Protein chains: 2
Amino acid sequence: MDIEQAFGIVIKKYRLERSMSQEKLAFGSDLDRTFISLLERGKRKPTINTLFSISNVLEVKPYKIVKNSKRCRESFAEKIKFKLTAY
Amino acid sequence: MDIEQAFGIVIKKYRLERSMSQEKLAFGSDLDRTFISLLERGKRKPTINTLFSISNVLEVKPYKIVKNSKRCRESFAEKIKFKLTAY
DNA sequence: ATGTAGACTGTGGTCGACG
DNA sequence: ACGTCGACCACAGTCTACA
């Protein structure tokens with residue numbers, strides 16, 4: 001799994017925890033709604049500025065999003081490895 | 001001070017601490033040397049993928065670079081404020 | 001409220017060359 | 001070893017529209 005996919009999963013998780021719509025997130029972070037959609041599905045790689053403005057709206061510190069993205073990415077790799085060696 | 005400037009200062013600090021040249025950093029992170037130069041002077045905004053590959057070469061966790069960038073950015077703002085009110 | 005698609009603009013990132 | 005310049009290309013990010 002690559003970084004942008006992990007990033008998308010993480011921000012989607014935070015967004016849903018705050019029961020916020022993509023539209024609200026887009027408006028608050030001054031980005032386009034369709035772009036948020038692309039980000040959450042790992043179709044685009046955000047710049048660090050995008051990271052900061054999104055994290056601001058979600059009220060999470062940017063470094064936590066990065067940390068969780070890395071963790072998400074690696075735990076996914078482990079799951080694959082596990083599945084492959086399970087039987 | 002904006003994010004990309006703080007980012008540039010931080011990665012330059014890490015690079016010099018490891019007494020590594022821009023060229024080595026560029027080679028290791030599979031980026032162009034001139035682009036590293038632009039980044040360190042805050043002329044370009046890196047994507048999170050660029051953040052990850054650079055942090056990998058510098059052997060710093062990506063979230064630490066982000067955390068320090070934010071801190072650098074805010075402490076700079078405080079210094080300006082201090083200077084303005086000092087006399 | 002979200003995914004997708006297409007057309008578009010700006011800028012992230014490359015590359016060669018010079019001081 | 002680094003800053004800079006100019007040309008270039010790929011993609012971040014916008015916008016309209018439809019399901």
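Letters A, B, ... are given to chains in the order of the sequence lines, protein chains preceding strands, and every chain is numbered from 1. Predicted, not measured: the structure shown is a model, and the values here were computed from it.
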Arg15(B) vs dC2(D): side-chain N/O to OP1/OP2 distance below 4.0 Å: yes
No-hydrogen, no-angle side-chain donor-acceptor test under 3.5 Å, Thr47(B) and Thr50(B): yes
Lys45(A) NZ to dA12(D) P, straight-line distance once rounded to whole Å: 6 Å
Separation of atom CG in Asp32(B) from atom C1' in dC9(D), rounded to whole Å: 13 Å
Atom pair distance, as rounded to whole Å: CD in Glu4(A) and C1' in dG13(D): 15 Å
Sugar-phosphate, base or nothing in reach of Gln22(A), heavy atoms under 4.0 Å: sugar-phosphate
Ring pair (Phe, Tyr, Trp, His ring centres under 6.0 Å) partners of Tyr63(B), counting only residues at least two apart: Tyr63(A)
Atom-to-atom span, CD of Glu40(B) to P of dG13(C) - whole angstrom: 15 Å
Minimum-distance nucleotide (side-chain atoms of Thr34(A) versus dG12(C), dA1(C), dC15(D)): dC15(D)
Thr50(B) vs dG12(C): side-chain N/O to OP1/OP2 distance below 4.0 Å: no
Val60(B) and Arg18(B), any side-chain heavy atoms less than 4.5 Å apart: yes
Sugar-phosphate only, base, or nothing, as touched by Asn49(A) at under 4.0 Å among non-hydrogen atoms: nothing
Contact under 4.0 Å: Arg44(A) side-chain N or O vs dG13(D) OP1/OP2: no
Side-chain donor or acceptor of Asn68(A) paired with backbone N/O of Lys64(A) under 3.5 Å: yes
Touch class at under 4.0 angstrom, heavy-atom based, for Leu31(B) against every strand present: sugar-phosphate
Between C1' of dG3(C) and CG of Leu39(A), the distance in whole Å: 14 Å
Pairwise 5' ranking along DNA chain D for Lys43(B) and Thr47(B), keeping only the more 5' one: Lys43(B)
Rounded interatomic separation in angstrom, taking CD1 from Ile36(B) and C1' from dC2(D): 12 Å
Whole-Å distance separating the CG atom of Asp30(B) from the P atom of dC15(C): 9 Å
Salt bridge present between Arg15(B) and Glu40(B) (N-O < 4.0 angstrom): yes
Selected nucleotide, minimal atom distance to Ser37(B) side chain, candidates dG3(D), dG12(C), dA1(C): dG3(D)
Atom-pair distance (CZ on Arg33(B); P on dT14(C)), nearest Å: 12 Å
